[in-house]
Colleague: 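Please read through the structure below; I'll follow up with questions.
Treat the numbers as computed from the prediction; the structure is a model and nothing was measured. One is the number of the first residue; the rest follow in order along the sequence. The analysis underlying the following values was restricted to heavy atoms, covering all of them including side chains, and did not include hydrogens, waters or symmetry mates.
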Amino acid sequence: RLREMALAASRGVFASRSAAGDPAAAIAAAHRVLAIDPLDEETQRQLIRLYADTGQRNLALRQYRDFAERLRQELDVAPEPETRALHQQVLRAQQRPAQAPPSRPAILPSSPPELQVRGFTASGSDPVGQAIADALRDDLVTLLPRRRSIRVRDGDGAGEAERSERGRCYRVEGSVRVGAAEITVTCRLVDGRDGGYLWSERVTGQPEQLLGPDVPLARRLAVAFLREIEVAEARTAAGSAGPDAWGHYHLALRELYRFSMPGLIAARDHLLRAVTLDPDFAAAYARLAYVHVQKYWYGPREDRETNLDRGHLAATQAVGLDPRDARGHFALGRLLALRREFDMAIPEFEQAIGLDPVFAQASFGLGQALAAAGQPASSVGMLDRAIDLDPYDPHLWTFYHDRAEAQFALGHLTEAAANSRAAVRLPNASHFAWTTLAAVLGAAGDREGAARAVHQLGLFRPGYTLEHARHELAHHTNRRFVADYLDGLQRAGVPAEPAEEAASGPDHLQANNF
């Protein structure tokens, strides 16, 4: 009976969203219907039409294939004739050759920047040094292609790898020197256009410290190279008169990492431009979905469901276009976790980690979801992994912030305070970092420190109250943690209600004040 009530309510939401002419919200509502009744063939047809009508033919075809396979496995029947006819209609539309209007040239997809990994040289003729050099290069060539935002080429080829169609190319080179007691590895990232060094690193240690089973050195270098390439690409695109799709993508990343509403709006605009220039740009759809995740946090409270719906649509597009891109699964996991669908969110994060082992944000996402699902002890390990993977990730303040929350939930207030202080010291930290520091210090009885944290919180979010915090913790299932957190804020001096002079300002305008 309860299932039928839930199904009827979900169908009603789907009908109202469809009638409102909002395809993103309608698609998300259709998925909620099918989560309850996946054999609802009429809803399956409407979802396939929605995908096709919004230009997502690959997702429409995938939806049909998944549904047909479920029918075969569970009922040993084929889809209804109307559904099969719809499938053929989508197929014919996909196979029809696209003809650009004569006055407008066809849009060609752009290519990601290229990275050439050259062989590392070993000093002298020491066979140990050469073996280490070869192993390090092989580890890098294994790790780097997992990131879909670059194209990795073999640096030992004919030398053409330094030339990309757009001239955006980089190379990795380095050397290994074996000493009497330790080994020194030097590695450089070079801009292939002018030979300038973008990043260099020298590491000294024992062989087992550099080339262990978890390839710590190669992982550390891969993360640094990928981050510096993103920065260089954004700088190049900013100086371009007309950035291509990848140029807009990298400009969007720069705006996204500001963690403010103006930055998120600018990031959204760049990503929409990117997918207009290249409709099959999976990485851009993945980051567009993540923009909506961030808008959930920093935008108007009344827009939260809309942002979740639109983010879910972009994330499913990303995964449909490129199922092996970790960023799509990461964004989808974040969206599912915000809806407290942890049994679906956690596997998405695990898949993202498997696809890209050096993607620190995927480990962070899993850690955050575990904490919100009431598993803070498991959360701490994943957040430690994120911090260890990339101590320069633009999200680093969130890694420390969420680790502080997990330690708070475990009752480890000293560790929670240390992590909160690490978070607020980072330049792009937002009001969330100060909120948690105030809650931790309030719970610990540090009145002076808590008062300073509340003062800083007020600079970021004037008029902040316990009610704001309660809404920001809505995705947590650990109600004991939520109660303790709110009690800590109250002890720190955060009011339950806004002061009269601050109450009139709309919440989303305050959220822009970073």
Side-chain angles (χ1 to χ4, degrees), residues 149 223 226-240 243 245-275 283-301 303-304 307 310-311 314-315 327 330-331 334-335 338 359-362 364-365 368 386-387 390-402 420 422-437 456-462 464 468 472 505-514:
S149 56
V223 167
L226 291 166
R227 183 180 57 251
E228 293 304 315
I229 288 172
E230 285 184 352
V231 172
E233 287 293 290
R235 188 184 305 119
T236 299
S240 170
W246 277 97
H248 282 289
Y249 173 84
H250 285 103
L251 288 171
L253 293 185
R254 186 170 67 175
E255 297 295 338
L256 172 62
Y257 297 149
R258 299 185 194 280
F259 295 96
S260 69
M261 274 301 292
L264 293 173
I265 292 168
R268 178 203 62 193
D269 292 346
H270 280 299
L271 291 167
L272 289 174
R273 182 60 179 156
V275 298
Y285 279 113
R287 287 329 232 176
L288 181 59
Y290 194 52
V291 165
H292 286 294
V293 170
Q294 295 299 321
K295 288 180 71 179
Y296 170 94
W297 291 113
Y298 296 108
R301 191 184 303 165
D303 289 350
R304 283 186 165 181
N307 279 314
R310 290 176 178 171
R327 280 166 165 72
F330 165 67
R334 291 294 306 273
L335 290 154
L338 287 173
F359 185 27
Q361 292 169 31
F364 151 70
Q368 186 184 67
I387 295 167
D390 191 357
Y392 298 100
D393 190 289
H395 287 69
L396 185 62
W397 76 264
T398 62
F399 300 174
Y400 282 115
H401 166 263
D402 281 69
S420 283
V424 300
R425 282 196 296 267
L426 293 166
N428 62 340
S430 75
H431 79 278
F432 291 104
W434 289 104
T435 307
T436 295
L437 180 58
Q456 292 296 327
L457 172 60
L459 298 179
F460 281 88
R461 287 290 303 272
Y464 192 86
H468 290 101
E472 290 170 352
D507 184 58
H508 68 281
L509 292 182
Q510 296 169 3
N512 291 348
N513 184 23
F514 289 111

Colleague: Work out which heavy atom in His401 is nearest to a heavy atom in Ala423; give both atom names and the distance.
Modeller: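 So the minimum-distance heavy-atom pair works out to N-CB, 3.9 Å.
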
Colleague: Could you grab the distance from atom CZ of Arg258 to atom OH of Tyr298, nearest 0.5 Å is fine?
Modeller: 14.0 Å

Colleague: Ring centroid separation for Tyr400 and Trp397, is it under 6.0 angstrom?
Modeller: no

Colleague: Do Glu233 and Ile229 pass the side chain to side chain contact (heavy atoms under 4.5 Å, CB included) test, and can you show the C-alpha distance, the side-chain angles, and the key distance before you say yes or no?
Modeller: CA-CA 6 Å; Glu233 287 293 290; Ile229 288 172; 4.1 Å; yes

Colleague: Which pair of heavy atoms, one from Trp297 and one from Glu472, lies closest together, and at what distance?
Modeller: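 Closest approach of Trp297 to Glu472, heavy atoms only: CZ3-O, 3.3 Å.
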
Colleague: Within 45 degrees of the ring normal and closer than 6.0 Å to the centroid, is that where the cationic atom of Arg327 sits relative to Tyr290?
Modeller: no

Colleague: Can you give me the closest heavy-atom contact between Arg254 and Ala238, atom names plus distance?
Modeller: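 Smallest interatomic distance, heavy atoms only, reads NH2-CB, 3.6 Å.
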
Colleague: Taking Arg227 first and then Glu230, would you say they form a salt bridge - that is, a charged N and a carboxylate O separated by under 4.0 Å?
Modeller: no

Colleague: With rounding to the nearest 0.5 Å, note down the distance linking CG in Leu437 to OG1 in Thr435.
Modeller: 9.5 Å

Colleague: Who pairs with Arg334 by salt bridge (Lys or Arg N to Asp or Glu O under 4.0 Å), at least two apart in sequence or on another chain?
Modeller: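 So Arg334 forms no salt bridge (Lys or Arg N to Asp or Glu O under 4.0 Å) with any residue.
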
Colleague: Measure across Leu288 and Leu272 and return the closest heavy-atom pair with its distance rounded to 0.1 Å.
Modeller: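 Shortest heavy-atom separation between Leu288 and Leu272 comes out as CD2-CD2, 3.9 Å.
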
Colleague: Do you know which two heavy atoms are closest between Leu335 and Ala289, and how far apart they sit?
Modeller: CD1-CB, 4.4 Å

Colleague: Less than 4.5 Å apart, side chain to side chain, heavy atoms only: is that true for Leu396 and Asp390?
Modeller: no

Colleague: Rounded to the nearest 0.5 Å, how far apart are NE2 of His395 and CG of Asn428?
Modeller: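 Here the interatomic distance stands at 9.0 Å.
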
Colleague: How long is the straight-line distance from CZ of Arg268 back to CZ of Arg310, given to the nearest 0.5 Å?
Modeller: 9.0 Å

Colleague: With the side chain counted from C-beta on, respond yes when Val291 and Lys295 share a heavy-atom pair under 4.5 Å apart, and no when they do not.
Modeller: yes

Colleague: What are the two closest heavy atoms between Thr436 and Ser420, and how far apart are they?
Modeller: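 Residues Thr436 and Ser420, closest heavy atoms: CG2-OG, 3.5 Å.
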
Colleague: How many angstroms lie between CG in Leu253 and CG in Leu271, if you round to the nearest 0.5 Å?
Modeller: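 Atom-to-atom, Leu253:CG and Leu271:CG are 7.5 Å apart.
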
Colleague: Quick check: do His468 and Arg301 have side-chain heavy atoms less than 4.5 Å from each other?
Modeller: yes

Colleague: Could you state the interatomic distance from CZ (Phe399) to CG (Asp393), rounded to the nearest 0.5 Å?
Modeller: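 Reported to 0.5 Å precision, the distance equals 4.0 Å.
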
